[in-house]
Trainee: 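Before we start, here is the structure in question, set down as structure tokens.
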2 protein chains.
Amino acid sequence: MGSVMRRPTIMDIARAAGVSKGAVSYALNGRPGVSEATRERILSIASDLGWAPSNPARALAPGGRVGAIGMVVDRPARSLGIEPFFMQLVSGVETELAAVGIDLMLQVADNVDSEIAVYRRWAAERRVDGVVIVDLRVEDPRPEAMGVLPLPAVVLGGPEGTGGLPCLYTDDAASVREVVHYLAALGHRRIVRVAGPEDFVHTRDRSAAFQQAARRAGLDEARTVHADYSGEDGGRTTRRLLADAEPPTALVYDNDLMALAGLGVASEMGVDVPSQLSIVAWDDSALCRLVRPSLTAISRDVVAHGRRVAQMLNGVLSGERVANEETPLGELRPRGSTGPLLP
Amino acid sequence: MGSVMRRPTIMDIARAAGVSKGAVSYALNGRPGVSEATRERILSIASDLGWAPSNPARALAPGGRVGAIGMVVDRPARSLGIEPFFMQLVSGVETELAAVGIDLMLQVADNVDSEIAVYRRWAAERRVDGVVIVDLRVEDPRPEAMGVLPLPAVVLGGPEGTGGLPCLYTDDAASVREVVHYLAALGHRRIVRVAGPEDFVHTRDRSAAFQQAARRAGLDEARTVHADYSGEDGGRTTRRLLADAEPPTALVYDNDLMALAGLGVASEMGVDVPSQLSIVAWDDSALCRLVRPSLTAISRDVVAHGRRVAQMLNGVLSGERVANEETPLGELRPRGSTGPLLP
DNA sequence: GTCGATGACTGAACCGGTTCAGTCTCATGT
DNA sequence: ACATGAGACTGAACCGGTTCAGTCATCGAC
């Protein structure tokens with residue numbers, strides 16, 4: 001109280017315990033080199049003093065970790081705020097990391113290049129121990145860029161094109177087939193997919209599966225059009241599709257936000273959902289349950305997804321060899337926005 | 001290439017330039033103590049070597065900063081994913097910080113106590129230089145807790161109850177009055193506010209302003225009921241209100257998510273919006289524009305809000321005296337969800 | 001009774017920066 | 001011609017941990 005409060009250091013503990021700095025370090029880290037009695041005395045003094053390790057000092061020591069991992073989010077700014085996917089992912093990653101005392105750095109970027117620049121800076125300045133790469137693209141430059149950076153990474157997506165980085169992926173193709181069969185069984189013959197940007201790997205995978213399933217089901221029309229995940233673009237695209245001479249009777253969206261926008265546009269154009277148009281969303285957030293009619297959706301546990309990828313990255317940081325993993329299939333949750341075509 | 005790649009240090013630069021470590025430090029930081037010629041030579045070598053300062057080392061030096069600030073999010077987990085507010089706020093804070101090379105740490109917490117525990121840990125381990133405190137509560141324990149922590153903070157909310165911390169606040173009362181006058185002018189006499197949790201300061205401020213404005217406008221009924229910001233709770237509350245013998249003819253929600261849920265419940269109960277029920281949302285995200293009818297909302301520039309609070313915290317970290325600030329008023333954006341009561 | 005092993009602990013180096021107290025050089029003023 | 005001072009630069013301490021090479025005492029084995 002006499003002077004300005006200063007964070008206690010291991011030197012303070014050493015003095016109070018009458019031992020050396022090194023002994024304190026051994027005691028606090030549970031390593032051999034001190035007797036059990038001394039260890040307990042030191043721990044008790046540390047706790048009395050309210051000591052906590054200085055993260056910068058730990059990180060600076062040879063072989064030290066900074067105790068943080070990073071995530072860069074790079075999607076159209078206007079969709080970022082709303083898209084539930086990211087916050088859920090972050091929340092999953094975060095809860096997993098909190099358990100082991102690792103922090104999460106978040107950064108938004110405009111494009112892949114500035115995203116890579118962020119990784120470079122993080123590596124050069126030793127800001128994080130590793131990163132999670134999201135939204136894998138076709139010919140994605142990021143895995144290669146990570147190759148020359150001393151920064152461990154785990155990819156969300158794949159398993160192709162990850163450049164040897166461990167990845168966590170989902171078999172979207174199976175879910176796409178399920179959706180097509182479901183809609184075909186309801187009598188739909190003209191289905192259009194309003195997909196995300198063409199250069200995302202999972203977009204391409206879903207598109208391929210969609211075409212194949214549609215052919216097998218003998219649909220009259222099965223196209224994929226691309227939008228940017230934003231509500232605005234999703235709405236615009238829907239408007240164009242519904243204005244066709246022979247409009248589709250079912251629309252499958254690549255995220256919930258665009259599906260919501262599509263629902264709004266249908267209502268605005270006097271197209272009844274589901275009697276004249278069925279709508280399916282990908283990724284099931286509360287949004288889908290809140291609107292009327294409620295949205296049929298493919299539901300994944302995004303939070304669990306985040307936890308898992310955090311675990312994988314933790315494994316990599318601990319020096320383990322981490323294998324690629326597949327998450328459980330998304331489940332189709334039929335709701336009010338899909339139904340048989342009525343005359 | 002011969003050996004393992006090692007991050008270049010100022011010592012490497014010093015050797016290459018034939019000067020001492022100290023000289024390199026002066027040169028790199030633009031401080032006096034080296035000649036202009038030497039400075040340029042050092043800078044060029046540094047750039048050739050691809051040098052970047054080690055953040056842990058900088059942080060460890062006396063008076064050093066860790067170059068990161070933290071934000072803890074503490075809201076019901078189920079609303080977190082969707083609520084656009086936070087991601088927009090984060091995005092604003094982030095863009096501002098990126099410009100000055102500061103990173104953002106994000107953490108989710110279950111309650112105020114674990115939130116305070118996070119601040120304590122961050123301070124003790126020197127993880128961040130400062131924090132932004134969101135969602136100020138009545139009798140909030142956080143400002144006081146920060147008082148004994150060597151961790152600068154700026155509060156979003158107030159200006160009362162911030163315990164002397166600088167804050168950024170909005171005059172919500174004026175917006176509430178505007179909404180009440182607007183609805184009264186449309187002929188509404190029974191208005192209910194579906195507010196956020198009672199213990200948030202801005203909730204209380206809005207409630208007080210609401211009661212006063214309602215009295216002045218001579219409304220028949222003006223109540224405030226509380227929900228937890230989640231869509232589920234918003235929907236449940238709406239269902240209860242609309243089932244009343246004399247249901248309200250206008251509902252004012254404290255966030256967009258609950259307004260969306262309310263809209264869904266009205267549709268489900270066969271209550272037409274806006275001819276039988278008007279709905280107003282607080283905080284205008286793309287959601288409000290995407291649903292049909294589109295939601296009348298109070299629009300604030302949340303991203304700018306985030307930028308501003310980041311600037312204030314930066315000021316505090318630079319040792320400036322930072323004064324409380326008020327952000328521009330929210331603007332009422334009338335849309336399809338409000339209108340005159342029809343017979 | 002000596003040898004060697006084991007365990008407890010110390011002292012110092014190290015990580016990569018920042019900063020302070022000096023030293024040395026050279027131009028300037030008188 | 002000589003004190004003065006400014007500018008350029010060096011060497012070392014320091015931040016707060018981790019870790020390694022020793023030192024010393026104790027104990028058991030032969």
Side-chain angles (χ1 to χ4, degrees), chain A residues 4-43 45-46 49-68 101 123-127 129 150, chain B residues 4-43 45-46 49-68 101 123-127 129 150:
Chain A
V4 181
M5 258 307 248
R6 192 173 52 78
R7 300 180 57 258
T9 72
I10 57 167
M11 199 53 210
D12 297 324
I13 302 178
R15 263 190 293 267
V19 295
S20 72
K21 258 173 79 172
V24 174
S25 179
Y26 291 141
L28 292 170
N29 292 306
R31 318 185 47 135
V34 280
S35 68
E36 211 41 54
T38 310
R39 181 188 310 277
E40 273 172 31
R41 190 156 47 92
I42 289 176
L43 287 178
I45 292 174
L49 258 45
W51 176 88
S54 155
N55 199 57
R58 276 219 161 137
L60 188 56
R65 304 255 195 85
V66 300
E125 300 181 357
R126 290 207 55 202
R127 293 278 190 159
D129 295 319
Chain B
V4 181
M5 260 304 251
R6 193 174 51 80
R7 298 180 59 257
T9 71
I10 58 168
M11 199 53 210
D12 297 323
I13 302 178
R15 263 190 293 266
V19 296
S20 72
K21 260 173 76 172
V24 174
S25 179
Y26 291 140
L28 292 170
N29 293 307
R31 318 183 48 132
V34 280
S35 67
E36 212 40 57
T38 311
R39 182 188 309 278
E40 274 172 30
R41 190 157 46 91
I42 288 175
L43 287 178
I45 292 173
L49 260 43
W51 177 87
S54 155
N55 198 57
R58 274 218 162 138
L60 188 55
R65 304 254 194 85
V66 298
E125 301 181 357
R126 289 207 55 202
R127 293 277 190 160
D129 294 319

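Only heavy atoms go into these numbers, but all of them, side chains included; no hydrogens, no water, no symmetry mates. Note that the coordinates shown come from a computational prediction; the quantities given were computed from them, not determined experimentally. So you know, we letter chains A, B, ... as the sequences are listed, proteins then strands, and number each from 1.
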Trainee: Any heavy-atom pair between the side chains of Ser54(A) and Thr9(A) that's under 4.5 Å?
Mentor: no

Trainee: I'd like to know if the side chain of Arg126(A) reaches the main chain of Arg7(B), judged simply by a donor and an acceptor atom lying under 3.5 Å from each other, with no hydrogens or angles considered.
Mentor: no

Trainee: Give the minimum heavy-atom separation between Val66(A) and Ala59(A), together with the two atoms involved.
Mentor: CG1-CB, 3.6 Å

Trainee: Trp51(A) and side chain to side chain contact (heavy atoms under 4.5 Å, CB included): which partner among Ile45(A), Ile42(A), Ile13(A), Val24(A)?
Mentor: Ile13(A)

Trainee: Do any of residues 31-39 of chain B sit with a heavy atom less than 4.0 Å from DNA chain D, and if so which?
Mentor: Gly33(B), Val34(B), Ser35(B), Thr38(B)

Trainee: Hey, which of these two, Ile10(A) or Tyr26(A), hits DNA chain D nearer its 5' end, going by closest nucleotide?
Mentor: Ile10(A)

Trainee: What does Ala27(B) touch in the nucleic acid at a heavy-atom separation under 4.0 angstrom: a base, only the sugar-phosphate, or nothing?
Mentor: nothing

Trainee: With a strict under 4.0 Å distance from non-hydrogen atoms of chain B, what nucleotide opens and what nucleotide closes the contacted stretch of DNA chain C, reading 5' to 3'?
Mentor: dG16(C) to dC20(C)

Trainee: Show me the pairs that pass side-chain hydrogen bond (donor to acceptor under 3.5 Å, both in side chains) and involve residues 57-67 of chain B, at least two apart or across chains.
Mentor: Asn29(B)-Arg58(B)

Trainee: Heavy-atom contacts under 4.0 Å between residues 54-62 of chain B and DNA chain D, which residues?
Mentor: Leu60(B), Ala61(B), Pro62(B)

Trainee: Would you give the length of the straight line joining atom CG of Leu60(B) to atom CG of Asn55(A), rounded to the nearest 0.5 angstrom?
Mentor: 11.0 Å

Trainee: So which atom in Gly101(A) and which in Arg127(B) form the shortest heavy-atom distance, rounded to 0.1 Å?
Mentor: O-NH2, 3.2 Å

Trainee: Roughly what angle, to 10°, lies between the helix axis at the start of the helix from dG1(C)-dC30(D) to dT30(C)-dA1(D) and the one at its end, five pairs per end?
Mentor: 50°

Trainee: For a quick test of reading the model, state the closest non-hydrogen atom pair linking Ala124(A) to Ala52(B) and the distance between them.
Mentor: CB-CB, 3.5 Å

Trainee: Can you see which heavy atom on Leu43(B) is nearest to which on Ala27(B), and at what distance?
Mentor: CD2-O, 4.3 Å

Trainee: Check Pro8(B) against Leu49(B) and note the closest heavy-atom contact, atom names and distance.
Mentor: CG-O, 3.4 Å

Trainee: Scan for salt bridge (charged side-chain N to carboxylate O under 4.0 Å, His left out) pairs involving residues 12-37 of chain B, sequence neighbours excluded, and state none if there are none.
Mentor: Arg6(B)-Asp12(B), Asp12(B)-Arg15(B), Glu36(B)-Arg39(B)

